[in-house]
Amino acid sequence: MALQVYSTLSRKKEAFHKEPGDRVTMYVCGPTVYKPSHIGHMVGPVIFDTVKRYLTYLDYQVTWVVNVTDVDDKLIGRAKELNTTVPELAAKMTEDYFGCLKALNVTGIDHFPRATEHVGGMILMISTLIEKGHAYAAGGDVYFDVSRDADYGKLCNRDPEQLEAGSRIEVSDRKRNPGDFALWKSAKPGEPAEVQFDSPWGKGRPGWHIECSAMATKLLGDTLDIHGGGLDLQFPHHENELAQSESATGKEFARVWMHNGLLKLRDKEGKEDKMAGSKGNVLNVDRALKHVSGDVLRFFILQTHYRSPIDLGNWDWENPNTPIPAGLESAKAAFETFTRFAERVGRVTGTAFAQLPPTPPPGNATMTLAYADVLRRFQEHMDDDFNTGGAVGVLFDLVKRLNRLADEKKLEDPTAANPGAKAEFREGALLVRDLAGILGLTLAAPAAALGGGDELVSGLMQLLIDLRANLRTEAKGAAKDNPLKAALFAQTDLIRTRLAALGVTLEDRATGTTWRVN
RNA sequence: GGCCUCGUAGCCAAGUGGUAAGGCAACGGUUUGCAAAACCGUCAUUCCCCGGUUCGAAUCCGGGCGAGGCCUCCA
């Protein structure tokens with residue numbers, strides 16, 4: 001089955017319009033950098049990063065652009081509150097955003113254009129729109145004329161007439177129609193000079209929608225292959241982008257429109273809520289990362305199909321005993337299957353999971369029959385509109401199968417030589433690594449699980465483990481009726497129980513004892 | 001009011017015409033000095049309800065009930 005992608009514009013899955021080897025352009029609306037990112041801000045980046053990874057795996061040449069809105073009302077307001085400047089605030093919050101992307105292994109973004117660096121291009125596009133009669137200047141503002149756009153509303157199925165009936169809060173008397181939207185906003189009294197730009201219509205700054213149109217066109221051309229963003233941006237943002245871009249260029253703006261679902265959660269009473277600053281139930285990425293790894297956050301997002309709302313489950317967010325929502329706790333527990341497996345690969349093969357040699361690119365790869373079905377199922381899911389939830393299920397199946405193999409053939413037992421089974425295991429492990437890689441999951445144990453790399457901690461742990469190992473050897477050697485046997489085991493159990501109370505789990509294996517911080 | 005989603009086990013979730021993936025939790029078992037981990041097994045005769053189409057429906061159509069998003073520069 002070839003790749004199918006759902007487009008909001010047609011409201012159905014369509015065969016992807018490009019051939020492997022082709023260049024693919026992708027534009028996704030990015031953040032307004034005025035506050036630290038919360039986990040909801042990561043949903044889009046994780047999904048589209050995964051889209052790019054899969055397209056790249058299929059041999060497409062993907063160029064991905066995400067804009068950074070570094071001038072707007074919220075930035076101006078927030079900078080004033082913090083007694084700082086808009087550029088300083090924007091720079092700081094952009095750094096925060098980049099840090100979050102890195103933590104979630106979002107590595108595929110090729111360009112991050114800043115709105116303030118492309119004002120010239122926006123002015124050019126606005127001028128074109130005025131020349132073509134699609135926009136008009138009024139008192140220092142410029143508005144897009146919705147009535148001159150015959151197919152306005154086609155993305156979201158909106159009727160411009162209906163918009164008039166709606167209660168628009170900011171009905172400016174400069175607008176000809178209530179549905180018209182600002183392309184250029186004149187500077188207001190008291191606004192700092194740094195948010196004022198020169199234009200043919202006087203000092204001011206660009207409207208929100210025009211920045212995406214201008215920057216996407218500049219960096220990727222008139223027609224995008226994929227335009228993405230959150231479901232909440234469908235209207236008015238994407239509708240307006242589409243209208244102004246097609247009016248300016250006369251060409252189709254985007255072949256495929258992809259919209260990701262939003263996070264949802266429920267309070268302690270079980271009532272559904274959205275994450276919003278006004279409710280106080282915002283989970284910043286920084287805070288979430290204190291409790292779960294970036295891998296887990298990413299895994300959590302990818303368990304659900306990207307077009308569905310992502311359910312965080314119940315969260316008593318005011319209670320310090322429930323620092324993260326139930327859904328994340330559950331994802332954390334589930335993901336340990338993978339991190340433990342990755343560690344096991346190290347024990348079986350003698351090579352750390354992350355250091356496994358690269359697999360030749362698809363096409364050249366000779367997948368043995370043993371795992372061909374796994375790869376096929378994985379691809380079928382991903383080909384079906386990037387069904388990452390189904391793909392994750394395949395990954396679980398594969399890991400279970402390899403664990404069974406390792407159990408049955410005793411692959412961790414150094415005395416049981418079994419080169420054939422080991423080779424089979426190793427090949428499966430490579431596939432796990434590759435498939436997880438397509439999803440952007442590293443499967444690395446979080447640093448915190450190993451004591452944060454603290455040498456003193458690991459030294460002390462090794463001391464305890466060695467001491468305990470001596471006690472265990474003594475105890476095992478003691479005769480059944482020797483009271484010392486029980487006494488010694490009581491001591492080894494005491495160490496383990498006390499460590500557990502501190503959040504450290506000991507695991508005794510044939511090859512020795514390992515430890516982890518929960 | 002208009003536009004658009006969604007309703008699958010205690011919880012999350014895939015499946016959109018051929019007889020219900022996967023995960024969390026729970027409970028048995030193997031293994032272990034005992035644990036942990038891993039593995040095996042149990043856990044929805046049924047997919048919100050009522051009709052219809054069909055040889056066949058969780059999937060399509062109509063109606064109802066319930067939840068949510070957007071129409072306000074919220075990702």
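Note that these values count all heavy atoms, side chains included, but never hydrogens, waters or copies made by symmetry. Remember, it's a predicted structure, so these values are computed and weren't measured experimentally. A note on names: the letters A, B, ... follow the listed sequences, proteins ahead of strands, and every chain is numbered from 1.
- When distances run from any side-chain atom of Arg266(A) to the nucleotides A14(B), C39(B), C12(B), the shortest one goes to C12(B).
- Ion pair Asp373(A)/Arg401(A) flagged as a salt bridge, since at least one NZ, NE, NH1 or NH2 atom sits closer than 4.0 Å to an Asp/Glu carboxylate oxygen.
- Here A75(B) is the nucleotide among A75(B), G23(B), A36(B) with the atom lying nearest to any side-chain atom of Leu262(A).
- Side-chain proximity of Leu233(A) to the nucleotides C71(B), A36(B), A75(B) is greatest for A75(B).
- The nucleotide A58(B) finds no pairing partner, because no Watson-Crick or G-U wobble arrangement with both distances shorter than 3.5 Å includes it.
- Side-chain N/O atoms of Arg404(A) and base N/O atoms of C40(B) include no donor-acceptor pair closer than 3.5 Å.
- No salt bridge links Glu424(A) with Arg426(A); every basic N to acidic carboxylate O contact stays at or beyond 4.0 Å.
- Under 3.5 Å, the side chain of Arg496(A) and the base of A35(B) form at least one donor-acceptor pair of N or O atoms.
- For Lys400(A), whose side chain is taken as the heavy atoms from C-beta onward, the closest listed nucleotide among C71(B), C40(B), G33(B) is C40(B).
- Across all strands shown, U53(B) has no partner, as no Watson-Crick or G-U wobble contact with both distances under 3.5 Å is found.
- Considering only the side chain of Asp493(A), C34(B) comes nearest among C71(B), C39(B), C34(B).
- Checking A13(B), G33(B), A75(B) against every side-chain atom of Lys476(A), the shortest atom distance belongs to G33(B).
- Evaluation of atom-type donor-acceptor distances gives no pair under 3.5 Å for the side chain of Asn387(A) against the base of G15(B).
- No engagement by Gln234(A) is indicated, since no non-hydrogen atom pair under 4.0 Å with the nucleic acid exists.
- Comparing the P positions of U59(B) and C50(B) gives an interatomic distance of 12 Å, to the nearest angstrom.
- Within a 6.0 Å sphere centred on CZ of Arg498(A), other residues, nucleotides and ligands contribute 12 heavy atoms or fewer.
- Comparing the C1' positions of G63(B) and G22(B) gives a spacing of 35 Å, expressed to the nearest Å.
- Of the candidates C34(B), C4(B), A37(B), C4(B) carries the atom nearest the Arg11(A) side chain, counting heavy atoms from C-beta on.
- Nearest nucleotide to the Arg158(A) side chain, out of C4(B), C71(B), G23(B): C71(B).
- Taking a pair to require two hydrogen-bonding distances under 3.5 Å in either a Watson-Crick or a G-U wobble arrangement, C6(B) pairs with G66(B).
- Under the Watson-Crick or G-U wobble criterion, with both distances below 3.5 Å, U31(B) has no partner in any strand shown.
- Minimum atom distance to the side chain of His41(A) is reached by A75(B), of the listed A14(B), C24(B), A75(B).
- Around the NZ atom of Lys485(A), the shell of radius 6.0 Å holds more than 12 heavy atoms that belong to other residues, nucleotides or ligands.
- The side chain of Arg509(A) lies closest to A36(B) when the candidates are G33(B), A75(B), A36(B).
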What side-chain donor-acceptor pairs closer than 3.5 Å can you find for residues 33-51 of chain A, not counting sequence neighbours?
from, atom 1, to, atom 2, distance (Å)
His41(A), ND1, His38(A), N, 2.8
His41(A), ND1, His38(A), O, 3.4
Asp49(A), OD1, Thr107(A), N, 3.3
Asp49(A), OD1, Gly108(A), N, 3.0
Asp49(A), OD2, Arg53(A), NE, 2.9
Asp49(A), OD2, Arg298(A), NH1, 3.0
Asp49(A), OD2, Arg298(A), NH2, 2.9
Thr50(A), OG1, Val46(A), O, 2.7
Thr50(A), OG1, Arg298(A), NH2, 3.0

